[in-house]
Novice: 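Have a look at this one.
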Amino acid sequence: MPRQAHALAAAVLADARSDGDLLMQARALHLLGRAEHLDANLNAALSLARQAAHLFHVLDKPQEESMALSHAAHLATLLGRPEEAIESATLAVQLADTLPPGLHTVDAYNYLGVAATWIDADHADRILLKTIELAQRLLPPHAAARPMVNRLVNELYRLELCLQRGQAPVLRSAMWAQLEDFRQLARPPSGTGAPPPDDLCGPVMQSMLGIVSAGFQAHSGQCLKALDTALGIDTRPLPRWLHAFVHWIVARCQLAAEQWTAALTTTQRTLDIACPQGQLHFELMSRCQRMEAFRALGDADGLHAEFHAFRTCQLRQQTEVITNREQMAALHLAWREQTRALEALHTSTRALEQLTLEDPLTGLANRRHLERRLDELLRPHPEHPVTPWCLVMIDIDGFKQINDQYTHVLGDDVLRQMAHLLRGLTRPQDLAVRLAGDEFVLILHDTTEQTGVRLVDRLNGAIDLHPWSAIQPGLAVRASIGLAQAHPDDSSASLLRRSDLRMYADKTDKLARHLAQRSGAATPDR
């Protein structure tokens, strides 16, 4: 199954990269990291989780970024890098807290608590308790089982540290209620015969309950019974880290029972599981347990060899921290360059889009921009109040004669001057458009037809008074204008047609008055 998941995620990632789909790349990287995790390739999984988190950050997807960071924190914890895990989990929590709460919130707090376990058990306990409360409030009942498990693991680790320091391992009183809550969740749903919904809720922690309750005391029959049950866990299909965890607990019970040789066998099994995956926490704890057993057996050579292995493991951990930080620095530099490239691409894309929406001659919006705006304005928006707006159609009279008499170069100057006039008469929220040739359109927001008529009068006056002769002596420019207020049942076509008809009516009226003036007749009232 992990290999199938890996192949599928890799195929999706390849397609996403081929298509340039960054969001799909990020999601495929996240899934590929999950597949590598299932296949126990923790370092590869961690690298993929980091890459996914970075891309989600670039794409401003905070929820998915939080989930990828939570996964990275979990992997860093398993690899014995608690500082890095806390760093990732803290950022995941900060992102989650800015969003509506949900599974991503619970995951972020859960893995922050897990990471803190290996540094400060008391702090981890507080975080995991909050995680349990969040899960119980936000998610189905069994969702609280995982942070409950992690809180119990944290308690077991605290008890182990007590023993290593020569202190009495006393279970904290608050954990008794936690144990009972977990027992309730670990039971199959009543009357269904079904297993618990989470594999961590059943055989593993049920086996551990007796050990925790007995406080690692070897004389407790409950502890020894739990030990026998836990040893049967090897046959169950559970994560390898969980097998290592069980053997660590079993070894602790065997040491408490003074079963020194058995403890050496069990700790070797823990090492066989933990070392190939780089789970340094389990390796270090097992080395400590082995030194304890060799000391009790009086085996100086074994104790010396184990102490050397323990120190080598510690030095390897320090080296890996340095190497990992160097790798992270290199990744951050690469990501910075990638971010710059993406920003340049976005800037170029925005500029290209602006060019596709702008008339190159006048700098006004073009027909494509007009169609987009009309589609937005005419689309029903039940959540927003309807405000009046008007569309104005403008056509330069006799523009073909201007081109024929004065050349197209001068005609272009006329179009640019007309665009300048339209900009000066409209507000920032309005839209001025060069539709085609010598045709222009205005969209006037928050404008009734009555208000729009006054603007049309001002526009006519501005065109009449404009110094067109500065372009060419003797040049005069007039325009015909049609105004239409948008109706709720309008389409783009119907509104443009109504405005266009009114513009032609204005053109016809102006032509009639012009002819009447030439014939010496009285000019009709405008």
Side-chain angles (χ1 to χ4, degrees), residues 20 60 343-397 399-400 403 408 411-449 451-453 455-456 458-460 462-463 466 477 479-504 506-507:
D60 193 24
E343 288 174 351
L345 177 62
H346 289 159
T347 301
S348 175
T349 301
R350 286 193 297 270
L352 180 61
E353 184 178 15
Q354 183 66 26
L355 288 174
T356 64
L357 298 175
E358 185 178 284
D359 174 54
L361 177 65
T362 64
L364 299 182
N366 61 13
R367 177 187 287 272
R368 183 181 181 194
H369 195 161
L370 174 67
E371 289 171 350
R372 283 192 181 184
R373 181 67 64 87
L374 288 175
D375 182 61
E376 292 171 1
L377 291 170
L378 294 170
R379 189 185 307 129
H381 295 285
E383 67 279 10
H384 299 302
V386 177
T387 57
W389 60 279
C390 292
L391 186 141
V392 181
M393 183 77 74
I394 304 161
D395 181 79
I396 298 176
D397 296 333
F399 186 71
K400 183 177 183 304
N403 277 333
H408 287 276
D412 287 347
D413 286 340
V414 170
L415 294 175
R416 281 190 283 264
Q417 288 294 313
M418 183 62 74
H420 177 73
L421 281 173
L422 296 180
R423 285 196 196 92
L425 285 170
T426 52
R427 302 160 297 178
Q429 66 266 35
D430 298 328
L431 181 68
V433 180
R434 183 189 177 199
L435 186 63
D438 61 328
E439 293 181 320
F440 296 83
V441 171
L442 298 179
I443 290 179
L444 307 176
H445 292 279
D446 300 319
T447 303
T448 63
E449 190 162 329
T451 307
V453 167
L455 182 137
V456 168
R458 290 202 305 273
L459 179 56
N460 270 312
I463 294 172
H466 189 73
V477 176
S480 299
I481 303 174
L483 169 73
Q485 182 174 336
H487 298 158
D489 58 347
D490 263 324
S491 64
S492 298
S494 67
L495 182 59
L496 284 166
R497 178 173 174 75
R498 196 162 65 253
S499 178
D500 198 39
L501 288 173
R502 293 183 181 181
M503 183 269 292
Y504 274 106
D506 184 49
K507 189 182 290 288

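Values in this document were obtained by computation on a predicted structure and should not be read as measured data.
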Novice: Rounded to the nearest 0.5 Å, how far does CG of L357 lie from CZ of R368?
Specialist: 5.5 Å

Novice: Is there a side-chain contact between L370 and I443 in this structure, where contact means two heavy atoms from C-beta onward sitting under 4.5 Å apart?
Specialist: yes

Novice: For the CZ atom of R372 and the CG atom of L374, what is their distance to the nearest 0.5 Å?
Specialist: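 Result: 13.0 Å between the selected atoms.
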
Novice: Classify the side-chain pair D397/S480 by whether it contains a donor and acceptor separated by less than 3.5 Å.
Specialist: yes

Novice: Identify all side-chain donor-acceptor contacts of residues 411-420 below 3.5 Å with residues at least two apart in sequence or on another chain.
Specialist:
| residue | atom | partner | partner atom | Å |
| --- | --- | --- | --- | --- |
| D413 | OD1 | R416 | NH2 | 2.7 |
| Q417 | OE1 | H466 | NE2 | 2.8 |

Novice: Is V441 close to E439 at the side-chain level, that is, under 4.5 Å between some pair of heavy atoms?
Specialist: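 A side-chain contact under 4.5 Å is absent here.
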
Novice: Please report the interatomic distance CG(L459) to OG1(T426), rounded to the nearest 0.5 Å.
Specialist: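 Separation between the atoms: 10.0 Å.
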
Novice: With distance as the sole test, does R434 use its side chain to make a donor-acceptor pair with the main-chain N or O of G437 at under 3.5 Å?
Specialist: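 Yes, R434 side chain to G437 backbone: donor-acceptor pair under 3.5 Å.
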
Novice: Quick one: CD1 on I396 to CZ on F440, what's the gap to the nearest 0.5 Å?
Specialist: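 That separation rounds to 5.0 Å.
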
Novice: Determine whether D438 and K400 make a side-chain contact, defined as any pair of heavy atoms from C-beta on separated by less than 4.5 Å.
Specialist: no

Novice: Identify, with sequence neighbours excluded, every residue that meets side chain to side chain donor-acceptor pair (under 3.5 Å) alongside R427.
Specialist: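 For R427, the residues satisfying side chain to side chain donor-acceptor pair (under 3.5 Å) (neighbours in sequence not counted) are D430, T447.
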
Novice: Test side chain to side chain contact (heavy atoms under 4.5 Å, CB included) on L483 and V392; report intermediate values, then the result.
Specialist: CA-CA 4 Å; L483 169 73; V392 181; 3.5 Å; yes

Novice: Would you say that L422 contacts I394 through its side chain, given a criterion of any heavy-atom pair below 4.5 Å between the two side chains?
Specialist: yes

Novice: Please say which of L391, L455, L431 ends up in a side-chain contact (heavy atoms from CB on, under 4.5 Å) with L442.
Specialist: L455

Novice: May I ask you to test the L364-H369 pair for a side-chain heavy-atom distance under 4.5 Å?
Specialist: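 Contact flag for L364/H369 side chains = no.
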
Novice: First locate atom CG of L444, then atom CH2 of W389, and finally report the distance between them rounded to the nearest 0.5 Å.
Specialist: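 Rounded to the nearest 0.5 Å, the CG-CH2 separation comes to 10.0 Å.
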
Novice: Between R502 and D506 (salt bridge meaning N to carboxylate O under 4.0 Å), is one present in this structure?
Specialist: no

Novice: Run the side-chain donor-acceptor check on residues 493-500: report pairs under 3.5 Å with partners two or more places apart or on a different chain.
Specialist:
| residue | atom | partner | partner atom | Å |
| --- | --- | --- | --- | --- |
| S494 | OG | D490 | OD1 | 2.7 |
| S494 | OG | S491 | N | 2.8 |
| S494 | OG | S491 | O | 3.0 |
| S494 | OG | S491 | OG | 3.4 |
| R498 | NH1 | D490 | OD1 | 3.1 |
| R498 | NH2 | Q485 | O | 2.7 |
| R498 | NH2 | D490 | OD2 | 2.8 |
| S499 | OG | M393 | N | 3.2 |
| S499 | OG | G482 | O | 3.0 |

